[in-house]
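The next block holds one structure in the form of structure tokens; read it before the comments.
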Amino acid sequence: MLARKYDNYAWEEQEYQEYREVQQPRQQTRIEADPYRRLRNRFMYFAVLVLATYLLSVVRSEAMVTYGSQLVSMRKLETQLINKNNELKIEVEQLKGPERIIGLAEQHLGMSVARNNIYVKALGKKNNMNSLAVAAK
């Protein structure tokens, strides 16, 4: 058998090398992990930025669709209101007509149209006031 002689120096150096081997991978891991961490952080910031931009565009397009549908419904309502307004104008003109007023006065109030006074608009220079002239029959 072969016998080896270890002195204290050799034994301490062997322990130091083992300790050094255990410590070196940790230091190398820290050095290598630092650039990857920065890259990972930058990628995460970029991903969050892209996601936020996408969500903003989705919310904006949804708002545009909502406003577009509201605009269409308001235009339909505007058309309906314009048509109703025209109908009401026609009805007002019919209600303001002299035939209707004469009919109501004769039926409900017992009035009749006076035939002895006729109102004529004077167009010539004979009438100094340039207003309505009254002629008696």
Side-chain angles (χ1 to χ4, degrees):
M1 289 186 108
L2 198 64
R4 289 190 179 176
K5 182 178 177 186
Y6 286 105
D7 56 353
N8 282 343
Y9 176 72
W11 187 261
E12 288 175 4
E13 185 152 331
Q14 186 178 9
E15 286 179 3
Y16 178 71
Q17 285 178 354
E18 288 176 4
Y19 176 75
R20 193 173 177 192
E21 289 174 3
V22 170
Q23 292 297 326
Q24 278 182 343
R26 289 182 188 167
Q27 291 174 354
Q28 288 176 355
T29 309
R30 288 181 187 168
I31 293 171
E32 291 175 8
D34 195 33
Y36 290 124
R37 184 182 305 156
R38 287 182 184 170
L39 181 64
R40 208 174 321 125
N41 287 343
R42 287 182 182 172
F43 179 73
M44 290 302 287
Y45 290 139
F46 179 73
V48 168
L49 180 66
V50 168
L51 183 62
T53 305
Y54 175 72
L55 290 176
L56 182 65
S57 67
V58 167
V59 168
R60 188 171 180 214
S61 65
E62 189 271 334
M64 293 296 282
V65 168
T66 303
Y67 293 144
S69 64
Q70 287 178 354
L71 181 64
V72 168
S73 65
M74 291 176 112
R75 284 186 179 168
K76 286 181 183 177
L77 181 63
E78 178 189 22
T79 304
Q80 291 173 353
L81 291 174
I82 288 172
N83 290 339
K84 183 68 174 175
N85 191 24
N86 290 336
E87 291 173 7
L88 290 175
K89 283 181 182 179
I90 291 171
E91 186 177 341
V92 165
E93 289 299 321
Q94 289 174 351
L95 293 175
K96 284 171 51 176
E99 297 85 20
R100 180 183 169 275
I101 294 174
I102 291 171
L104 288 175
E106 288 176 351
Q107 289 175 359
H108 296 290
L109 300 174
M111 302 173 92
S112 63
V113 177
R115 297 287 176 197
N116 56 358
N117 293 333
I118 300 173
Y119 296 97
V120 180
K121 184 166 181 150
L123 298 175
K125 293 185 179 181
K126 294 180 184 178
N127 189 359
N128 291 337
M129 294 184 290
N130 233 358
S131 62
L132 298 178
V134 178
K137 268 190 174 182

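Just so you know, these numbers use all the heavy atoms, side chains as well, and skip hydrogens, waters and symmetry mates.
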Worksheet entry | Taking every non-hydrogen atom, the tightest pair across Ile101 and Lys96 | CD1-O, 3.7 Å
Fill in: Check against side chain to side chain contact (heavy atoms under 4.5 Å, CB included), Leu104 and Arg100
CA-CA 6 Å; Leu104 288 175; Arg100 180 183 169 275; 3.5 Å; yes
[X] [atom1] to [Y] [atom2] distance, which is reported to the nearest 0.5 Å:
| X | Y | atom1 | atom2 | answer |
| --- | --- | --- | --- | --- |
| Met64 | Leu71 | CE | CG | 10.5 Å |
| Asn41 | Tyr45 | CG | OH | 5.5 Å |
| Glu78 | Ser73 | CD | OG | 11.5 Å |

Worksheet item: Quick one: hydrophobic cluster around Leu81, which other residues, with the 4.5 Å side-chain cut-off, linked directly or via members?
Response: Leu77
Worksheet item: Which other residues belong to the hydrophobic cluster containing Met111, where Ile, Leu, Val, Met, Phe, Trp and Tyr are joined when side-chain heavy atoms lie under 4.5 Å apart, directly or via other members?
Response: Leu109
Throw together a table of side-chain donor-acceptor distances under 3.5 angstrom for residues 83-93, partners on residues two or more places apart or in other chains.
{"residue": "Asn83", "atom": "ND2", "partner": "Thr79", "partner atom": "O", "Å": "3.4"}
{"residue": "Asn86", "atom": "ND2", "partner": "Ile82", "partner atom": "O", "Å": "3.4"}

Discussion item. Side chains of Glu62 and Thr66: any donor to acceptor distance under 3.5 Å?
Written reply: yes
